[in-house]
Amino acid sequence: MTPTRLICIILSFLFIGCSRHNDSPNGGGNPTPQNPQDSQTLKPEIVPTQIIGVAKTYAGNPSVVQYVGILPGYTYWPVKGGDFSIDTLTTDKYFAWMMLGTASDEEGSKTITLTPSGLNYVRIKPIRLNIVGNWVNGTGGTFGTAATGTLTLPPNAIMTVPANPTIQYPYYGPDIKDEIKTGYLSPLSPEFGLSNPGYPAADMDGQRWYLSSAGIIEADFGGSSSARSGYQFYPTYTGTLKMPIASGITAPDSIPYWRLTAGKWTRSGMAHKSGDSYVATIHEFGVFNFAQPLKGAYTTLQLRTSNNVPLINATFRVKANNLVLLEGQTDWEGNALMFLPSGVSANLEIQYAGGGTTPANMIAAGGINTANLPATLTVNVQSPSLICTLSGTANNCDGSAIKNGMVIVKNTYTGGIWYLKVVNGAFKSALVDGSYEPMIYTLTAVDKDTRVTGADTAVSIPAGGSPSYMLNTCPAITNLYMNYSVDGVAQTITGNRSNSQSPLLQGFIRNDQTFITAGTSTKGLQFATYGTTTGVRTGSGISSFIIDGKYYNYIPGKPMRVTFDRYDLINGGLIIGSADFYYNDNLGAMHHLQCSFQVVRVKDPDL
């Protein structure tokens with residue numbers, strides 16, 4: 001490198017630094033907050049917690065997200081089927097910076113806030129990046145469309161960045177080639193708060209500001225954010241970034257723009273209106289937020305039912321007119337940390353679990369006036385038909401109460417999952433699942449101190465119901481049996497849950513009847529009775545009665561009882577019970593049958 005070229009590079013850095021210092025949000029000086037106490041920069045507050053999360057691609061496909069990581073520290077946790085669990089995390093609750101192992105066509109970072117609770121819920125859905133052209137360094141060009149934004153670069157604007165500058169020198173050659181990718185997120189998008197990669201707050205001149213966004217746009221060379229370290233602008237060159245202005249939003253002639261840097265929005269300069277777009281001069285690749293800084297304040301949102309039960313893992317949105325100000329999720333205590341602009345009238349919405357983003361999939365939870373936000377804002381959600389309150393006891397297998405634990409609730413159809421806090425053997429939490437019909441769930445008790453997990457219990461929770469359950473950490477039952485006697489002569493058939501077909505020890509539903517089958521085609525017992533839940537049935541109702549491969553006639557006028565003590569509603573569960581009734585053999589003689597059974601629930605073999 002010649003001395004003249006080195007001097008030019010040094011002068012260009014000085015010029016860039018001076019020009020950025022003069023780019024203030026109001027065009028001259030920095031804004032002065034009306035109440036500095038509300039907007040003052042907060043020091044990092046390190047909190048320990050656990051995170052249960054869902055990470056999906058922009059298209060809703062969970063398979064491409066391979067891992068999530070918390071920085072600093074670069075500790076990564078695998079993502080399976082879109083779900084991930086992070087144990088014993090310690091990080092800043094105001095700006096927890098996450099990195100995603102996604103495809104190269106997605107933004108790879110996300111900033112969230114956390115409550116000091118023992119468990120936080122997180123949803124992640126990144127911005128989509130689209131290939132808008134192939135870059136040749138010696139040519140330059142404009143890439144993208146007016147509808148989603150454009151990036152203009154002059155010839156020879158890009159240089160490579162070496163992994164070890166002490167060994168290699170940057171390369172400025174005109175033959176650098178790669179793809180240009182951009183991504184645009186409109187502030188009117190119903191997923192704006194979810195896909196926004198940065199929490200809507202920025203620190204500037206000792207103050208924390210809410211960023212009222214006119215849109216977010218990403219510009220990358222060669223890949224997503226993980227690849228930005230491989231290339232950068234040649235020091236004496238800049239690029240021009242144009243972002244469309246969504247129809248109907250307030251758009252001043254000039255607006256600050258901010259770059260996502262290490263998980264935080266950092267002011268980069270001023271953008272100016274040109275037609276239906278904002279135009280900014282950029283000095284680096286990345287994600288840019290075109291946003292006005294507003295005075296803001298923190299509050300802890302507490303979502304509760306009308307009976308003051310915590311509403312956990314609830315996705316909520318704060319909206320002013322058509323703009324999403326903030327989106328988040330409550331923790332397992334029903335709380336969420338929010339940073340909102342001051343002096344705004346907004347509405348609070350709650351999304352059905354597994355539902356979409358249209359108004360039809362939202363519960364209106366009331367209005368919020370942010371003029372005087374309290375430190376804690378409690379909102380009681382009035383929607384009994386969509387909110388289920390689950391309560392009960394959770395004990396260890398020896399009968400002692402679980403002091404510190406949780407109940408894992410899973411919807412077997414939608415895959416929705418909730419973790420209910422257990423303290424001194426009791427739990428009580430509410431969840432929104434969005435179904436008007438009874439749904440099948442599994443409940444699992446966990447003792448966090450001893451790290452013992454019990455067996456799944458399948459239940460049917462009615463929409464808007466308030467069921468109570470008794471759970472424990474006893475291991476799953478593996479043995480199966482059918483004990484039966486005819487006129488006092490006992491027979492026993494035993495088997496294992498892992499292979500319920502040899503011998504046959506199964507139960508299934510057909511036409512509102514439960515069929516209990518045990519044994520082989522020549523030795524065993526089969527009968528059917530009306531009823532598909534736990535309980536006692538007496539009087540009549542035995543059909544399809546077979547002993548040792550032969551059909552017999554049930555006698556309806558004699559005493560009859562069938563009891564189901566346990567009736568799991570998913571395949572692989574258990575049906576446990578007993579029966580007592582009379583029948584006639586083929587010669588007209590009456591016989592008395594008694595039995596007790598423990599069989600596995602299976603799908604109807606004829607379906």
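Not measured: the values here are computed from a predicted model.
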Side-chain donor-acceptor pair present, [X], [Y], cut-off under 3.5 Å:
X: N335; Y: R304; result: yes
X: S117; Y: W332; result: yes
X: N307; Y: T305; result: no
X: N380; Y: S306; result: no
X: R561; Y: S578; result: yes
X: N472; Y: N396; result: no
X: Y567; Y: T514; result: yes
X: N130; Y: Y184; result: no
X: Q506; Y: S500; result: yes
X: Q50; Y: N120; result: no
X: Q302; Y: T300; result: no

- Any chance you could lay out the side-chain hydrogen bond (donor to acceptor under 3.5 Å, both in side chains) test for N313 and Y419, step after step, and finish with the verdict? CA-CA 8 Å; N313 194 8; Y419 292 75; over 6 Å; no
Closest non-hydrogen atom pair, [X] against [Y]:
X: A320; Y: V344; answer: CB-CG1, 4.0 Å
X: A579; Y: V562; answer: CB-CG2, 4.1 Å
X: I127; Y: P197; answer: CD1-CD, 3.7 Å
X: Y469; Y: I461; answer: OH-CG1, 3.5 Å
X: S189; Y: V324; answer: O-CG2, 4.1 Å
X: A445; Y: I402; answer: CB-CD1, 4.4 Å

I'd like to know whether [atom1] of [X] has more than 12 heavy-atom contacts from other residues, nucleotides or ligands below 6.0 angstrom.
X: D512; atom1: CG; answer: no
X: K410; atom1: NZ; answer: no
X: N372; atom1: CG; answer: no
X: N511; atom1: CG; answer: no
X: N321; atom1: CG; answer: no

- Task: Identify which one of I312, I51, T115 satisfies the side chain to side chain contact (heavy atoms under 4.5 Å, CB included) criterion when paired with D331.
- Result: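 Of I312, I51, T115, side chain to side chain contact (heavy atoms under 4.5 Å, CB included) with D331 is met by T115 alone.
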- Query: If you measure from the Lys or Arg side-chain nitrogens to the Asp or Glu carboxylate oxygens, is any gap between R128 and E106 under 4.0 Å?
  - Reply: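 No, R128 and E106 are not salt-bridged.
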- Message: Between D92 (side chain only) and E45 (backbone N and O only), is there a donor and an acceptor less than 3.5 Å apart?
- Response: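 Pair found, side chain donor or acceptor close to backbone of E45.
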- Is the backbone of G263 close enough, under 3.5 Å, to the side chain of T111 for a donor and an acceptor to pair up by distance?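 At least one qualifying donor-acceptor pair exists.
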- Checking R510 against F515: charged group under 6.0 Å from the ring centre and within 45 degrees of the axis?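 Pair R510/F515 counts as cation-pi.
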- Message: Looking at Y298, I'd like to know if the NZ or CZ of R208 sits under 6.0 Å from its six-membered ring centre while staying within 45 degrees of the ring's axis.
- Response: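 No.
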- Query: Hey, mind stepping through Q513 and T529 against side-chain hydrogen bond (donor to acceptor under 3.5 Å, both in side chains) and telling me if it holds?
  - Reply: CA-CA 5 Å; Q513 296 184 80; T529 185; over 6 Å; no
- Assess whether side-chain contact (heavy atoms from CB on, under 4.5 Å) is satisfied between M338 and V318, documenting all intermediate values. CA-CA 10 Å; M338 301 192 303; V318 181; 4.0 Å; yes
- Task: Answer yes or no: is there a side-chain heavy-atom contact under 4.5 Å between P200 and L325?
- Result: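 No. Closest side-chain heavy atoms not under 4.5 Å.
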- Can you tell if the side chain of L386 reaches within under 4.5 Å of the side chain of D433, non-hydrogen atoms only?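 No, their side chains stay 4.5 Å or more apart.
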- Euclidean distance, M99 CE relative to S109 OG, rounded to 0.5 Å: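 It comes to 5.5 Å.
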- Derivation and outcome, side-chain contact (heavy atoms from CB on, under 4.5 Å), residues E218 and L129: CA-CA 8 Å; E218 178 165 358; L129 300 182; 3.4 Å; yes
- Message: Before you tell me yes or no, could you show the steps for V600 and V602 under side-chain contact (heavy atoms from CB on, under 4.5 Å), namely the whole-Å CA-CA distance, both residues' side-chain angles and the distance that decides it to 0.1 Å?
- Response: CA-CA 6 Å; V600 67; V602 298; 4.0 Å; yes
